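First the structure, in the form of structure tokens, and then the observations on it.
Quick caveat, the model's predicted, so the values are computed rather than measured. Values below: every heavy atom of this structure, side chains too, minus hydrogens, waters and symmetry copies.
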Number of protein chains: 2
Amino acid sequence: MSEGSEKTNEGPVPKAVVSRLSLYLRELQHLIRAGSQTTSSNQLGSLLGFTDAQVRKDLAYFGHFGYPGIGYKCPELIQAIRKILGTDQTWNVAMVGTGNLGHALLGYKGFRSQNFEIVAAFDIDPNVVGQTIQDVPVFHLDDLPKIVSERHVKLGMIMVPSPVAQQVADQLVAAGIEGIVNFAPVTLALPPEVSLVGVDLAIELEQLCFNVANRKAKAAE
Amino acid sequence: MSEGSEKTNEGPVPKAVVSRLSLYLRELQHLIRAGSQTTSSNQLGSLLGFTDAQVRKDLAYFGHFGYPGIGYKCPELIQAIRKILGTDQTWNVAMVGTGNLGHALLGYKGFRSQNFEIVAAFDIDPNVVGQTIQDVPVFHLDDLPKIVSERHVKLGMIMVPSPVAQQVADQLVAAGIEGIVNFAPVTLALPPEVSLVGVDLAIELEQLCFNVANRKAKAAE
DNA sequence: TAGATTGTTAATCGATTAACAATC
DNA sequence: TAGATTGTTAATCGATTAACAATC
């Protein structure tokens, strides 16, 4: 087995590389389900629309995972990428806001299968506090610091209305959360040591819009 | 008023520029709500974590929207960006899949406020077909081509389980849809003339994970 | 062996930033 | 006028791709 632990490439890892790593992982999991035990940078790249060189370069940031002449062994590479991303262990997640979207996401199976576990939800509505949604207990927002500390929660998801998103973010940070996924369509100001990913559904549609509206211009180029 | 219609910069517009355009728009809308009638590339950039040069360069792809010595007039720039993105007119959207997540998104207010209207939902479950969810009628998937054509639907959202996502995508394409937001955690193969945006919630958490796990290494750089 | 494929270097390409004349 | 800020060019920086020796 190739020893992949030594990082061959110095310097910070570009954000784009890390996001492709997640795509490689997802694709490898599909390949395994489809019965492939082995793949290549060419196959992996083609499936995702990247060049083979890109795939190899991305992986080379973190070590040597392939076999010249052979390619990559799917289960092995999956394990390697999981370790790089940190998802070889389970991460506890807190969700703040149990409205339509939060409620729905509490039942989403896709998290646990990638080693994320929503261990607590938070709200201020007395009608939901104390309840259980999809086996997840709902606490009052005031209990956030206590639960985060007790359950070693490092990641949080913000599913509250925009006007209160920043204040909820501040509370998450104060409670010791280290990374936040924000679904509210606002820009959050956070200390630099806290990581942030924003998901704005209207913006995703806008991007599509631009492409569709400029489709013909694009085709003509 | 500055005439911003002539594109000053030739060639295709980078994807990153278009996505920042959406952020500028969102920020401008906040500024207006906060009472600002005017802003500058410096202010807009600072709020979002970009340089002022980046903001001006991005806008320069599409025209001259600012006033030297003054800055940008918020309402005017909002209108200009809307026009660039194509969201100065309403886009009809079809949603396929009315499970937890689809159901929740049918009630999401953030779409209409940016000029997107979900005019129809689709499913194959006889228990939901014929119903109305949040004022949106649910049709059988077989009716997709008819409704897409009748209602001039150009955009679709895939909210079905992963195993059927590709086949639903094919049906959307066959029905004449021109852009798709895919929430299923799979890579879709689409003809090049159809635009695709993928939203994978587990991947968003993975990105966070990597940053948190490498937080100390990053801080030391 | 011949064919396939890796890891890595060098070349290319594209995107960001700095700087500044023009403008208000 | 002096101060502020744009649009744009040139310089810098970083990311992608091509190419190939090394390996199986």
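A:Tyr24 is linked by a side-chain hydrogen bond (donor to acceptor under 3.5 Å, both in side chains) to A:Asp58, counting only residues two or more places apart in sequence or in another chain. Checked against side chain to side chain contact (heavy atoms under 4.5 Å, CB included), B:Val194 has the following partners two or more places apart in sequence or in another chain: B:Val173, B:Ile180, B:Leu190, B:Pro191. Residues passing the side chain to side chain contact (heavy atoms under 4.5 Å, CB included) test with B:Ile70 are B:Tyr67, sequence neighbours excluded.
A donor and an acceptor atom, one from each side chain of B:Gln37 and B:Glu76, are nowhere located under 3.5 Å apart. Counted by atom type alone, A:Glu117 and A:Thr90 present zero donor-acceptor pairs between their side chains at under 3.5 Å.
Rounding to whole angstrom units, NZ of residue A:Lys57 and P of D:dA18 are separated by 14 Å. Going from atom CZ of A:Phe62 over to atom P of C:dG7 covers 14 Å, rounded to whole Å. Protein atom CD of B:Gln54 is 13 Å distant from nucleotide atom C1' of C:dG14, rounded to whole Å. One atom, NE2 of B:His64, and another, C1' of D:dG7, lie 7 Å apart when rounded to the nearest Å. Rounded to a whole Å, the CG atom of B:Leu59 is 15 Å from the C1' atom of C:dT16. As rounded to whole Å, 15 Å separates atom P of D:dT5 from atom NZ of B:Lys73.
In this structure, B:Thr51 does not reach the C:dT16 phosphate: none of its side-chain N or O atoms is under 4.0 Å from OP1 or OP2. The shortest distance between the side-chain N/O atoms of B:Tyr72 and the OP1/OP2 oxygens of D:dG7 is below 4.0 Å.
By the 4.5 Å heavy-atom criterion applied to side chains, A:Trp91 and A:Asn115 are not counted as neighbours.
DNA chain D is contacted by B:Ser40, B:Ser41 of residues 19-43 of chain B, taking any non-hydrogen atom closer than 4.0 Å.
Along DNA chain D, the nucleotide nearest to A:Phe50 and the one nearest to B:Asp52 differ in position, and the one closer to the 5' end is contacted by B:Asp52.
When B:Arg26, B:Glu27, B:Arg33 are each tested for a side chain to side chain donor-acceptor pair (under 3.5 Å) with B:His30, only one passes: B:Arg33.
Between the OH atom of A:Tyr72 and the CG atom of A:Leu28 there is a distance of 10.5 Å, given to the nearest 0.5 Å. Considering CD1 of B:Ile78 and OG1 of B:Thr87, their distance stands at 10.5 Å, rounded to 0.5 Å.
The nucleotide whose nearest atom lies closest to any side-chain atom of A:Ala60 is, among C:dT8, D:dG7, C:dT16, C:dT8.
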Query raised in the report: When you check every protein heavy atom under 4.0 Å of nucleotides 19-24 of chain D, what one-letter string (B, S, -) results, 5' to 3'?
Result: B---BB
Query - Verdict with supporting geometry, B:Gln207 and B:Asn211, side-chain hydrogen bond (donor to acceptor under 3.5 Å, both in side chains) - result: CA-CA 6 Å; B:Gln207 300 300 299; B:Asn211 290 322; over 6 Å; no
Requested in this report: Before giving the answer on side-chain hydrogen bond (donor to acceptor under 3.5 Å, both in side chains), spell out for A:Arg56 and A:Ser41 the whole-Å C-alpha distance, their side-chain angles and the decisive distance to 0.1 Å.
Outcome: CA-CA 6 Å; A:Arg56 294 198 300 278; A:Ser41 56; 3.0 Å; yes
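Annotated stems with DNA chain C as a participant read C:3-24 with D:3-24, given as range with range, by first number; only runs of 3 or more Watson-Crick or G-U pairs under 3.5 Å qualify.
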